[in-house]
Peer 1: 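Below is a structure I'd like to ask you about.
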Amino acid sequence: MIPLTFLEGGNYAGVFIMVIAIIVFGALFVSFIATLFVKIIYELKDGRKFSKKQFIQTMVICLLICGLISGYICGGGL
């Protein structure tokens, strides 16, 4: 018996897309929460203001870190 990959098994494209979407939205949610946490800590000191550009940069950095962790776990590194 020849083992099949996930997409060769039949009509699993929808399931595959849903799994990828869950991973992406999960990473966005975790990044947003982490960025809000960083913003709160940043603004507590000396009345500094966390700009929109800093918010976006922090969110992108968190997304990249989430992507690295997800790739390591899903890629079989663990």
Side-chain angles (χ1 to χ4, degrees):
M1 180 179 219
I2 300 171
L4 296 175
T5 64
F6 189 63
L7 291 177
E8 291 172 340
N11 255 346
Y12 292 118
V15 175
F16 183 71
I17 291 170
M18 282 183 3
V19 168
I20 298 299
I22 289 170
I23 291 171
V24 168
F25 285 122
L28 280 170
F29 180 73
V30 169
S31 296
F32 184 73
I33 297 299
T35 305
L36 284 178
F37 186 69
V38 168
K39 178 183 177 183
I40 290 170
I41 291 174
Y42 185 81
E43 289 182 347
L44 280 177
K45 271 191 159 183
D46 304 327
R48 296 182 287 187
K49 188 72 177 154
F50 201 70
S51 69
K52 188 174 182 179
K53 181 180 177 182
Q54 287 173 317
F55 189 87
I56 292 171
Q57 286 176 342
T58 307
M59 184 116 173
V60 168
I61 290 170
C62 288
L63 276 171
L64 289 172
I65 292 171
C66 284
L68 285 172
I69 292 170
S70 171
Y72 185 73
I73 292 172
C74 295
L78 276 179

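Treat the numbers as computed from the prediction; the structure is a model and nothing was measured. All values below come from the heavy atoms of this structure, side chains included, with hydrogens, waters and symmetry mates left out.
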Peer 1: Measure across E43 and R48 and return the closest heavy-atom pair with its distance rounded to 0.1 Å.
Peer 2: CG-O, 3.4 Å

Peer 1: Enter the distance from I20:CD1 to F25:CZ here, rounded to the nearest 0.5 Å.
Peer 2: 12.5 Å

Peer 1: Between OG1 of T58 and OH of Y42, what distance do you get to the nearest 0.5 Å?
Peer 2: 9.5 Å

Peer 1: Clusters formed by hydrophobic residues whose side-chain heavy atoms approach within less than 4.5 Å: which one holds L44, and what are its other members?
Peer 2: I40

Peer 1: Taking distance alone, no hydrogens or angles, what donor-acceptor pairs closer than 3.5 Å link side-chain atoms of residues 59-66 to residues at least two apart or in another chain?
Peer 2:
none

Peer 1: Do F29 and I33 have side-chain heavy atoms sitting under 4.5 Å apart?
Peer 2: yes

Peer 1: List the residues meeting ring-ring contact (aromatic ring centres under 6.0 Å, His included) with F37, not counting sequence neighbours, and say none if there are none.
Peer 2: none

Peer 1: Should V38 and F55 count as side-chain neighbours, where that means a heavy-atom distance under 4.5 Å?
Peer 2: no

Peer 1: Working to the nearest 0.5 Å, report the span between CG of L28 and CD1 of I23.
Peer 2: 12.5 Å

